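Read through the structure below, which is laid out as structure tokens, and then see the notes.
These values consider heavy atoms only, across backbone and side chains, with no hydrogens, waters or symmetry-generated copies. Here the structure is a predicted model, which is why all the values come from computation and not from measurement.
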Amino acid sequence: MNPKIVTAKEWLVVGMSFYGDPFSQASGWSEDNEIGLLWKRFMAFDLTRIKHRTAPDTCLEIHIETQETAAKGVFEVFAGVQVDKLEDVPVECVVKVLPATQYAVFTLEGQQIVSDWSNMLQDWMASSGYVRSHKYVIQSYDSRFKGLDRIDESALDAYIPIARSPVSERG
């Protein structure tokens, strides 16, 4: 699977987050693990209180690696929406500012969504001439995502921040 390469300006994202091992209570794609519980909390929030949304039908899930990720299996999971500007951000929400960068955008469909698609991304990265420019991954859910109960009918986009590999620039 080959991604689309896009260049994006800085992203402003408003939402809610969890930090820890999101799979301690339930593994995989489950509404009972910490990621599922985060989404339940975020979707129960009155999203109309978040001003200046760029795409009203799109929500984002961002996995952010930290210094503890490799050693302890913990990371931050953020559920939110992209906005054009920050104004009257609800106190219940937090803000993430994602840097301007290039992204490899993979469209995942059906069972690919719930598979271990990170292996596919690593394989592509190894032969692409790119490296990760930042330690996060964005999953973009729009009207193509029908829910876990209709995963075979669903699609989502995974954004991987990338930069040209210094090795490929020399070669």
Side-chain angles (χ1 to χ4, degrees), residues 1-6 8 11 13-45 47 50 53-83 93-94 96 98 101-128 130-163:
M1 171 183 292
N2 287 322
K4 180 173 48 172
I5 306 298
V6 299
W11 288 29
V13 189
V14 176
M16 298 175 176
S17 67
F18 164 82
Y19 182 81
D21 176 358
F23 305 112
S24 63
Q25 301 299 315
S27 63
W29 284 70
S30 170
E31 293 181 353
D32 297 324
N33 66 24
E34 297 299 338
I35 297 173
L37 296 174
L38 172 63
W39 275 108
K40 286 178 186 177
R41 182 169 48 110
F42 181 65
M43 296 310 289
F45 182 75
L47 297 181
I50 301 174
R53 291 178 63 179
T54 59
D57 73 333
T58 302
C59 290
L60 305 173
E61 179 176 313
I62 306 169
H63 293 209
I64 305 165
E65 296 177 25
T66 68
Q67 293 176 356
E68 298 179 305
T69 300
K72 297 182 182 177
V74 297
F75 54 95
E76 182 176 0
V77 180
F78 180 91
V81 294
Q82 188 175 8
V83 298
C93 295
V94 294
K96 292 288 181 191
L98 304 179
T101 193
Q102 281 192 306
Y103 290 95
V105 183
F106 292 85
T107 298
L108 305 172
E109 298 176 320
Q111 291 300 312
Q112 284 181 319
I113 296 170
V114 294
S115 71
D116 189 4
W117 49 266
S118 62
N119 290 333
M120 174 188 66
L121 302 180
Q122 290 172 358
D123 291 345
W124 177 83
M125 196 75 68
S127 63
S128 69
Y130 289 97
V131 294
R132 287 182 63 183
S133 60
H134 301 283
K135 293 198 175 265
Y136 63 86
V137 174
I138 303 168
Q139 296 174 42
S140 179
Y141 297 86
D142 58 24
S143 61
R144 297 171 301 151
F145 188 78
K146 307 300 182 192
L148 292 178
D149 58 335
R150 294 175 54 198
I151 204 72
D152 288 332
E153 304 167 43
S154 295
L156 65 84
D157 293 325
Y159 288 72
I160 314 302
I162 57 171

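Of all non-hydrogen atoms in Thr101 and Pro161, the two that sit nearest each other are CG2-CB, 4.0 Å. Residues Val94 and Ser17 approach most closely at CG2-OG, 4.3 Å, considering heavy atoms. Closest heavy-atom contact between Ser140 and Thr58: OG-CG2, 3.3 Å. Heavy-atom minimum distance, Cys59 versus Arg53: SG-NH2, 4.4 Å. Val14 and Val83 get closest at one heavy-atom pair: CG2-CG2, 4.0 Å.
Looking only at side-chain heavy atoms (C-beta outward), Ile35 and His63 come within less than 4.5 Å of each other. Within the 4.5 Å cutoff, no side-chain heavy atoms of Tyr136 are placed close to those of Glu76. A 4.5 Å side-chain heavy-atom check between Asp157 and Lys4 finds every atom pair outside the cut-off. Looking only at side-chain heavy atoms (C-beta outward), Ile50 and Cys93 come within less than 4.5 Å of each other. Using a 4.5 Å heavy-atom cutoff, the side chains of Phe106 and Gln112 are not in contact. Between Arg132 and Val137, some side-chain heavy-atom pair lies under the 4.5 Å cut-off. Taking the side chain as every heavy atom from C-beta outward, Ile5 and Tyr130 approach each other to under 4.5 Å.
Separation of atoms NZ (Lys96) and CD1 (Ile138) is listed at 12.0 Å; rounding is to 0.5 Å. With rounding to the nearest 0.5 Å, the separation of CE in Met125 from CE in Met120 is 11.0 Å. From Leu37, atom CG reaches atom CZ of Phe18 across 9.0 Å, with rounding to the nearest 0.5 Å. Between atom NZ of residue Lys135 and atom CZ of residue Phe75 there is a gap of 13.5 Å, rounded to the nearest 0.5 Å. Atom CG of residue Leu47 and atom CZ of residue Phe42 lie 4.5 Å apart, to the nearest 0.5 angstrom. Atoms CH2 and CG, from Trp117 and Leu156 in turn, are 7.0 Å apart once rounded to the nearest 0.5 Å.
Heavy-atom contacts from other residues, nucleotides or ligands closer than 6.0 Å to NZ of Lys72 number 12 or fewer.
A donor-acceptor contact shorter than 3.5 Å links the side chain of Thr69 to the backbone of Val74.
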Decide yes or no on side-chain contact (heavy atoms from CB on, under 4.5 Å) for Ile151 and Phe145, but give the supporting numbers first.
CA-CA 8 Å; Ile151 204 72; Phe145 188 78; 3.7 Å; yes
Check the pair Ile160 / Trp124 against side-chain contact (heavy atoms from CB on, under 4.5 Å), numbers first and verdict last.
CA-CA 11 Å; Ile160 314 302; Trp124 177 83; over 6 Å; no
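For Tyr159, the ring-ring contact (aromatic ring centres under 6.0 Å, His included) criterion is met by Trp11, Tyr103, not counting sequence neighbours.
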